[in-house]
Amino acid sequence: MVATESSVGQAFELFSAAAPEGWRVELVEGEICLSPPGNGAHAEIVSELAGQVIDRRGDPSLRAYTGVGLKVPTVPGIPGVPGADYVLPDLTVAPRSSFANEDVWQYPSDVLLAAEVTSAGTAERDRGKKLCGYARAGIPVYLLIDGEKGEVVVHFEPSDGAYGCSVRYKWGLAVPLPAPLGFELDTAEF
């Protein structure tokens, strides 16, 4: 049987409805991805990142969101794949009220930063397909906190479906986040 856009979308909806509490269901380039809740170390890093965004943001209207699903453009022309990927970043930074609607999946037009904290099950997807999806969506900054490699990678300047700049930092260093955020992230707590 050939997968159609409709059948992939229906399967995604079924998996989403049947997933246990706390599990994440995403659709990334036609692949339905099911991930268990993050462990304690993962939660600590996301919490630390969210706290620093709140404490150091230059714009008091910015908010750090967890659990916001984003609808980002997928690779064009893959047969059977809907026109969008459905992803759940570990943290999203956007102006207050950017998601003040009833939609389950949000358009990322107001998102300033998407952040992912890798785990053994998500690292390849976070480093590859999600990186490309966030760039295609034009999200100004993609922050990848890579526990396996002990580094933080800041991707910025999206253009034509790719990030023009990527800078790597070892954990423990101060990581400058470019505009529109414009502050240093202290990774010593990671």
Side-chain angles (χ1 to χ4, degrees), residues 5 8-9 12-13 15-16 19 23-35 38 42 45-46 49-50 52-54 57-78 81-118 122-146 152-167 175 177-183 185:
E5 183 175 322
V8 172
F12 173 68
E13 288 178 22
F15 274 94
S16 295
W23 284 62
R24 300 159 56 104
V25 182
E26 299 176 296
L27 179 61
V28 183
E29 294 183 10
E31 179 183 358
I32 297 171
C33 308
L34 184 63
S35 304
H42 182 276
I45 292 171
V46 172
L49 177 58
Q52 286 191 45
V53 167
I54 298 301
R57 65 192 173 195
D59 180 349
S61 74
L62 293 183
R63 297 291 183 263
Y65 298 94
T66 58
V68 172
L70 298 178
K71 190 175 183 178
V72 301
T74 193
V75 174
I78 300 176
V81 175
D85 288 344
Y86 296 87
V87 297
L88 288 158
D90 289 318
L91 187 82
T92 303
V93 176
R96 176 185 10 199
S97 301
S98 292
F99 310 120
N101 59 52
E102 298 294 321
D103 298 338
V104 173
W105 297 97
Q106 304 291 324
Y107 287 100
S109 56
D110 292 337
V111 173
L112 303 176
L113 175 140
E116 298 286 359
V117 178
T118 64
T122 67
E124 286 303 311
R125 187 169 53 249
D126 293 342
R127 292 181 195 129
K129 292 178 179 179
K130 283 183 140 183
L131 164 71
C132 295
Y134 294 141
R136 283 191 300 272
I139 294 174
V141 180
Y142 173 44
L143 184 66
L144 179 66
I145 301 171
D146 196 325
V152 175
V153 186
V154 182
H155 301 280
F156 55 105
E157 296 183 8
S159 177
D160 296 325
Y163 283 101
C165 296
S166 296
V167 183
V175 175
L177 297 179
L181 298 165
F183 68 85
L185 178 67

Any chance you could measure [X], atom [atom1], to [Y], atom [atom2], to the nearest 0.5 Å?
X: Lys130; Y: Ile139; atom1: NZ; atom2: CD1; value: 10.5 Å
X: Leu113; Y: Tyr65; atom1: CG; atom2: OH; value: 13.5 Å
X: Ile145; Y: His42; atom1: CD1; atom2: NE2; value: 8.5 Å
X: Leu144; Y: Arg127; atom1: CG; atom2: CZ; value: 7.0 Å

* Over 60° means perpendicular and under 30° means parallel, so classify the ring planes of Tyr163 and His155, tilted if in between. =>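 Plane angle between 30° and 60°, so tilted.
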
With heavy-atom distances below 4.5 Å as the criterion, would you say the side chains of [X] and [Y] are in contact?
X: Val25; Y: Cys33; result: no
X: Asp126; Y: Asp146; result: no
X: Thr122; Y: Glu116; result: no
X: Ser35; Y: Arg125; result: yes
X: Leu185; Y: Leu143; result: yes

Any chance [atom1] of [X] has more than 12 other-residue heavy atoms, nucleotides or ligands included, within less than 6.0 Å?
X: Phe15; atom1: CZ; value: no
X: Tyr107; atom1: OH; value: no
X: Asp160; atom1: CG; value: no

* Go through the steps to decide whether Val53 and Phe183 satisfy the test side chain to side chain contact (heavy atoms under 4.5 Å, CB included), and finish with yes or no. => CA-CA 9 Å; Val53 167; Phe183 68 85; 4.1 Å; yes

Considering non-hydrogen atoms only, spot the tightest contact between [X] and [Y] and give its length.
X: Lys71; Y: Ala84; result: CG-CB, 3.6 Å
X: Gln106; Y: Ser98; result: OE1-O, 4.3 Å
X: Val141; Y: Pro178; result: CG2-CG, 3.9 Å
X: Ala115; Y: Leu49; result: CB-CD2, 3.6 Å
X: Tyr134; Y: Leu70; result: CE2-CD1, 4.5 Å
X: Ala94; Y: Val111; result: CB-CA, 4.2 Å

* **Stepwise side chain to side chain contact (heavy atoms under 4.5 Å, CB included) test for Val167 and Phe156** => CA-CA 9 Å; Val167 183; Phe156 55 105; 4.0 Å; yes

* May I ask you to say whether Arg136 pairs ionically with Asp85, meaning some side-chain N is under 4.0 Å from a carboxylate O? =>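 So Arg136 pairs with Asp85 through a salt bridge.
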
* Please list all pairs passing the salt bridge (charged side-chain N to carboxylate O under 4.0 Å, His left out) test where one or both residues lie in residues 86-102, with sequence neighbours left out. =>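 Checked against salt bridge (charged side-chain N to carboxylate O under 4.0 Å, His left out) - neighbours excluded - the pairs reaching residues 86-102 are Arg24-Asp90.
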
